[in-house]
Amino acid sequence: MSEPAVSCFSNQSDPFSAAAELRQQLRFDDLSFVLFFCSTEYDLEQLAEAMNFAFPDIALAGCTTAGEITSEGYAQGAISAIGFSRGHFTVETCLIEAMDNFTLTQAQSVVESFINKGRKKQLAPIKGNSFVLTLLDGLSVQEEQVLATLSSALGNIPHFGGSAGDDVHLAHTHVFAHGAFHTGAAVVLLFNTDCEFEVFTTHHLEPLSEKLVVTAAERDSRRVFELNAEPAAQEYANLIGVSVDELNPEVFALNPLAVKIGEVFYVRAIQKVNPDLSLTFYCAVENGIVLTRMQRGDMLRNLTVQLERIEEKVGSPQLIIGCDCFLRRLEVEHLGISTQASNLLRQHKVVGFNTYGEHLEGMHINQTFTGVVIGRPCDD
């Protein structure tokens with residue numbers, strides 16, 4: 001095999017036909033691991049059977065999406081996949097089946113097991129040559145706890161990831177490991193590689209002067225009842241100049257709010273309006289935090305600058321694994337720039353999915369493009 005990693009995709013609607021098409025595209029001798037991202041339009045039980053049949057001796061992991069990113073750009077109702085070469089990657093997989101009961105002791109055990117197994121098969125020293133990818137149930141409301149706990153155990157190993165979606169139905173999201181799809185679960189993957197790489201995140205949003213203070217919230221459910229001591233949905237609608245009836249995912253995408261931590265603004269994306277005029281968020285919110293209204297810059301220009309900066313360091317990418325918030329995709333579609341966005345993603349060899357939230361170094365964040373640029377092997 002000439003390439004350390006190869007991407008492929010299928011638009012076939014039948015799970016067995018789709019899996020067979022992926023296998024045909026990934027038919028090389030030293031294939032050791034396949035990472036995939038799939039639409040929930042598939043019958044997931046059948047898809048699990050089909051993928052296991054197509055790749056009987058290959059480790060598999062993945063998740064469901066709110067849209068796929070393939071080697072041709074944005075897709076919907078498809079499966080996007082990456083096959084990794086044994087000669088350049090070793091991958092260890094851990095399934096966390098109960099996200100709501102993930103302790104520091106468990107996290108330390110996971111990381112210790114990762115490192116011990118990884119050292120036996122490592123292509124390069126673990127330190128400096130490994131990164132972790134997390135795929136979490138995007139409707140679990142447990143991302144913050146799991147990511148913070150895992151981060152404290154990972155130390156200086158860089159890590160990123162995304163929360164699984166379900167084509168914006170907000171009903172059931174799934175991760176895949178050990179031959180099956182799971183809900184309420186997380187998949188943690190340790191990649192060791194002799195390739196250059198860099199983990200990154202970026203967004204195109206800038207702060208405005210308007211503020212909203214969370215005056216009544218239920219932290220565990222990410223539900224905000226009051227902003228500025230007024231019904232949350234009404235106060236947000238007033239801020240952006242629309243009626244409550246007009247609030248929907250596209251409006252949320254175009255009118256984001258963010259919390260300032262240190263000198264950095266992190267978006268707190270709104271998921272939905274509830275009948276009592278409370279707002280449910282995709283990310284952690286609690287009483288007393290101040291939300292700043294953000295304005296949109298040039299998304300594609302921002303992403304281009306960031307990718308070109310990284311590629312100057314690691315070289316021309318053989319692949320970028322991208323976790324792209326689905327709210328960014330809604331914005332792209334609203335602006336009518338889907339073709340330009342797909343061209344940019346294809347040009348930079350991005351493969352991945354649209355998420356219900358992104359992960360970076362123990363944080364759960366929204367409305368970003370987060371991922372890893374993988375360059376050529378170090379001895380090339």
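Values in this document were obtained by computation on a predicted structure and should not be read as measured data.
Remark: the backbone N or O of S130 is not paired with any side-chain donor or acceptor of N192 at under 3.5 angstrom. A donor-acceptor pair under 3.5 Å is absent between the side-chain atoms of R219 and the main chain of V285, judged by distance alone. At distances below 3.5 Å, at least one donor-acceptor pair connects side-chain atoms of T149 with backbone N or O atoms of Q145.
The aromatic rings of F191 and F33 lie perpendicular to each other, with more than 60° between the two planes, well past the 30° mark.
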Using atom types as modelled, flag every donor-acceptor pair under 3.5 Å from a side chain in residues 327-334 to any protein atom, sequence neighbours excluded.
| residue | atom | partner | partner atom | Å |
| --- | --- | --- | --- | --- |
| R328 | NE | D324 | OD1 | 2.7 |
| R329 | NE | E333 | OE2 | 3.4 |
| R329 | NH1 | E68 | O | 3.4 |
| R329 | NH1 | A75 | O | 3.0 |
| R329 | NH1 | N354 | OD1 | 2.8 |
| R329 | NH2 | A75 | O | 3.0 |
| R329 | NH2 | Q76 | OE1 | 3.2 |
| E331 | OE1 | H204 | NE2 | 3.1 |
| E331 | OE2 | H204 | NE2 | 3.0 |
| H334 | ND1 | E250 | OE2 | 3.1 |

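A 4.5 Å side-chain heavy-atom check between F252 and V273 finds at least one atom pair inside the cut-off. In this structure the side chain of F28 reaches within 4.5 angstrom of the side chain of V6, judged on heavy atoms.
Between atom CG of residue L133 and atom CG of residue L35 there is a gap of 6.0 Å, rounded to the nearest 0.5 Å.
If you check the side chains of T292 and K211, you find a donor sitting under 3.5 Å from an acceptor. Judged by distance alone, the side chains of E143 and H359 never bring a donor and an acceptor atom under 3.5 Å apart. Inspection of the N228 and E235 side chains reveals an N or O donor paired with an N or O acceptor under 3.5 Å. Using modelled atom types, one finds a donor on one side chain and an acceptor on the other under 3.5 Å when comparing S278 with R223. Side-chain contact check for T173 and D166: no donor-acceptor pair (N or O, by modelled atom type) lies under 3.5 Å. Under 3.5 Å, the side chains of Q108 and T105 contain no donor-acceptor pair of N or O atoms. In the model, T355 has a side-chain atom that pairs as donor or acceptor with a side-chain atom of E358 under 3.5 Å. There is a side-chain donor-acceptor pair under 3.5 Å between T370 and T201. If you check the side chains of Q234 and N238, you find a donor sitting under 3.5 Å from an acceptor. Side chain to side chain, S17 and D14 meet the donor-acceptor criterion of an N or O pair below 3.5 Å. With no hydrogens or angles considered, no side-chain donor-acceptor pair links H203 and T368 at under 3.5 Å. Looking at E218 and S221, their side chains do bring a donor and an acceptor atom within 3.5 Å of each other.
Residues passing the salt bridge (charged side-chain N to carboxylate O under 4.0 Å, His left out) test with R346: none are found, sequence neighbours excluded.
Judged as a salt bridge (Lys or Arg N to Asp or Glu O under 4.0 Å), not a single pair has a partner in residues 15-28 (not counting sequence neighbours).
Two rings, from Y282 and F326, have their centers less than 6.0 Å apart.
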